[in-house]
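Worksheet: one structure, shown below.
Within every chain, numbering begins at 1; the chains are lettered A, B, ... in the order of the sequence lines, protein sequences first and strands thereafter. It should be emphasised that the depicted structure is a prediction, and the values quoted were computed from it without experimental measurement.
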Protein chains: 2
Amino acid sequence: MNIHARREEIIRIVREGTVHSQDELLALLRKKGFKLTQPTLSRDIRELGLAKTPAGYVAPGDLASVTPITTFTPIEVRQERLEHLMKGSIKFAEAAGNVVVIKTPPAAAQPVASALDATPPEDALGTVGGDDTIFVAFRHAGAATAFARNVQQIAGLSTRRSARA
Amino acid sequence: MNIHARREEIIRIVREGTVHSQDELLALLRKKGFKLTQPTLSRDIRELGLAKTPAGYVAPGDLASVTPITTFTPIEVRQERLEHLMKGSIKFAEAAGNVVVIKTPPAAAQPVASALDATPPEDALGTVGGDDTIFVAFRHAGAATAFARNVQQIAGLSTRRSARA
DNA sequence: TCTCTGCGTGCATGAATATTCATTGTTTTG
DNA sequence: CAAAACAATGAATATTCATGCACGCAGAGA
């Protein structure tokens with residue numbers, strides 16, 4: 001019935017505290033007024049992609065959520081950091097329209113996105129990073145392709161290549 | 001006996017392929033010559049901090065990659081999961097240039113984005129998911145509109161027609 | 001309105017994982 | 001060289017989690 005509200009609450013609970021079993025989570029949900037049983041919870045957990053670790057359940061989105069960044073680091077340091085990051089953590093970069101898509105190893109997208117955000121390329125409008133993917137939006141397609149080429153060069157990628165690994 | 005070698009091997013196995021149960025992992029270890037039983041493996045897993053996700057066990061450092069349901073899940077399973085998720089958790093889908101924007105209920109974006117990432121649509125470059133919004137970038141605007149339409153249909157959204165009886 | 005269909009759910013149960021307890025092999029200590 | 005102290009393990013078992021099945025409710029269409 002209130003399946004979405006329920007799942008939202010599950011995420012919230014798991015983000016805030018530590019839950020070691022479904023029964024425990026079940027109790028918390030019931031305390032909040034949700035009426036459900038363990039099998040339903042099990043299905044919710046599967047759908048949400050929650051992982052069970054020795055330290056309790058964790059939400060995958062915890063590490064993949066979009067985050068805007070601002071920094072006060074001196075610009076030359078930022079430049080350096082950006083290049084360094086790009087050299088090591090970029091597996092793929094391609095322009096599509098006025099957007100550039102960059103692929104990194106798992107969990108590496110956020111640092112790169114942060115650095116990009118701190119030192120925006122020419123004509124860049126904004127950046128969002130997921131877990132292993134970054135989008136950079138530009139005003140013009142031309143700026144996008146130029147930036148993509150630039151990234152490919154710095155990262156040492158052949159200008160034509162497929163990602164995923 | 002060679003507890004360290006064994007645990008290293010466990011990490012290696014989990015990094016390379018996908019393992020869905022301890023029994024499965026147990027069999028792999030035995031094939032490699034290790035002699036142990038499930039309880040021991042359970043303890044190893046706890047010590048190593050491995051997490052069990054709907055997509056199998058993952059190493060702690062790879063926890064962020066919980067996201068990719070990717071790995072080696074059979075394609076038909078992924079397809080099914082994706083369709084299922086789309087049916088229930090998509091409120092809006094529209095193409096804008098070569099990007100498709102998808103809206104979901106709160107907290108539902110990550111699972112859908114994961115599934116999308118695991119079964120990329122034709123000509124898709126990458127996916128980024130926030131809390132209730134997903135961006136999917138395509139090589140061409142055409143692919144984007146096609147995908148948007150497809151999503152709308154599967155999700156049961158009115159594609160534009162005004163119908164009512 | 002009355003089907004028909006499909007989704008969400010709980011119940012019962014099977015499968016997977018964690019734990020208790022006893023045993024064995026190994027290191028430390030007298 | 002015992003013998004105690006400890007660590008690693010397996011067998012049995014408890015606990016936790018997943019799933020097949022059936023039911024009820026809600027929306028689409030006749």
Side-chain angles (χ1 to χ4, degrees), chain A residues 1-10 13-14 18-30 33-59, chain B residues 1-10 13-14 18-30 33-59 66 69 73-74 77 80-91 104-105 107-108 111-112 152-159 161-165:
Chain A
M1 202 193 173
N2 32 12
I3 178 169
H4 285 121
R6 189 182 64 221
R7 291 186 178 172
E8 197 186 332
E9 185 59 33
I10 289 173
I13 290 175
V14 163
T18 303
V19 183
H20 285 89
S21 73
Q22 295 190 359
D23 273 345
E24 204 180 324
L25 183 49
L26 194 55
L28 289 174
L29 284 168
R30 282 175 170 158
F34 292 94
K35 176 189 149 287
L36 77 166
T37 56
Q38 177 268 326
T40 297
L41 180 54
S42 170
R43 290 184 266 251
D44 283 349
I45 285 173
R46 169 158 37 90
E47 293 302 315
L48 290 170
L50 294 200
K52 187 186 187 183
T53 74
Y57 281 94
V58 298
Chain B
M1 233 234 267
N2 34 13
I3 178 169
H4 291 301
R6 187 181 66 221
R7 291 186 176 171
E8 275 175 41
E9 185 59 33
I10 289 173
I13 290 175
V14 163
T18 300
V19 182
H20 285 87
S21 75
Q22 295 189 2
D23 273 346
E24 203 180 326
L25 184 48
L26 194 56
L28 289 174
L29 284 167
R30 282 175 171 160
F34 293 94
K35 177 191 148 286
L36 76 167
T37 57
Q38 178 267 325
T40 296
L41 181 54
S42 171
R43 291 184 268 250
D44 283 349
I45 284 174
R46 169 159 34 93
E47 292 302 314
L48 290 169
L50 295 199
K52 187 185 188 183
T53 75
Y57 281 96
V58 297
V66 161
I69 308 292
T73 313
V77 173
E80 189 185 325
R81 169 174 162 78
L82 178 57
E83 288 213 5
H84 179 227
L85 279 174
M86 291 207 295
K87 268 179 195 147
S89 321
I90 293 190
K91 292 164 57 183
T104 72
V112 178
Q152 287 164 353
Q153 192 190 327
I154 293 179
L157 303 176
S158 61
T159 36
R161 290 172 301 161
S162 62
R164 181 65 198 91

For nucleotides 24-26 of chain D, list the nitrogen or oxygen atoms of the protein found under 3.5 Å from its nitrogen or oxygen atoms, one pair per line.
none

Nearest 0.5 angstrom please: B:E8 CD to B:R6 CZ, how far? 12.0 Å
Distance check needed: C:dC7 C1' versus A:I3 CD1, whole Å only. 9 Å
Roughly how far apart are A:K35 NZ and A:T40 OG1, rounded to 0.5 Å? 8.5 Å
Reading 5' to 3' through nucleotides 16-21 of chain C, protein heavy-atom contacts under 4.0 Å coded B for base, S for sugar-phosphate only, - for none: SBBBB-
Work out which heavy atom in A:Y57 is nearest to a heavy atom in A:K52; give both atom names and the distance. CE2-CB, 3.7 Å
Distance check, rounded to the nearest 0.5 Å: B:L48 atom CG versus B:R46 atom CZ? 11.0 Å
Expressed as a whole number of angstroms, how long is the span from A:I10:CD1 to C:dG8:P? 14 Å
Nearest atoms (heavy-atom pairs only) where B:A59 meets B:V14: N-CG1, 3.6 Å
Send over the distance from A:L26 CG to D:dC17 C1', rounded to a whole Å. 12 Å
Check: B:V58 and B:L50 side chains under 4.5 Å, non-hydrogen atoms: no
Taking atom C1' of C:dT9 as reference, at what distance in whole Å does atom CG of A:L29 sit? 15 Å
Could you go through nucleotides 24-26 of chain C and list every protein N or O atom that sits under 3.5 Å from one of its N or O atoms, giving the distance for each pair?
none

Side chain of A:E24, backbone of A:H20: donor and acceptor closer than 3.5 Å? yes
If I take atom CG from residue B:D44 and atom CD1 from residue B:I3, how far apart are they, to the nearest 0.5 angstrom? 5.5 Å
Check: A:T37 and A:R30 side chains under 4.5 Å, non-hydrogen atoms: yes
Taking C-beta and beyond as the side chain, do A:I45 and A:L25 meet within less than 4.5 Å on heavy atoms? yes
Whole-Å distance between C:dC7 C1' and A:R6 CZ? 12 Å
Do the non-hydrogen side-chain atoms of A:I10 and A:L41 ever get within less than 4.5 Å of each other? yes
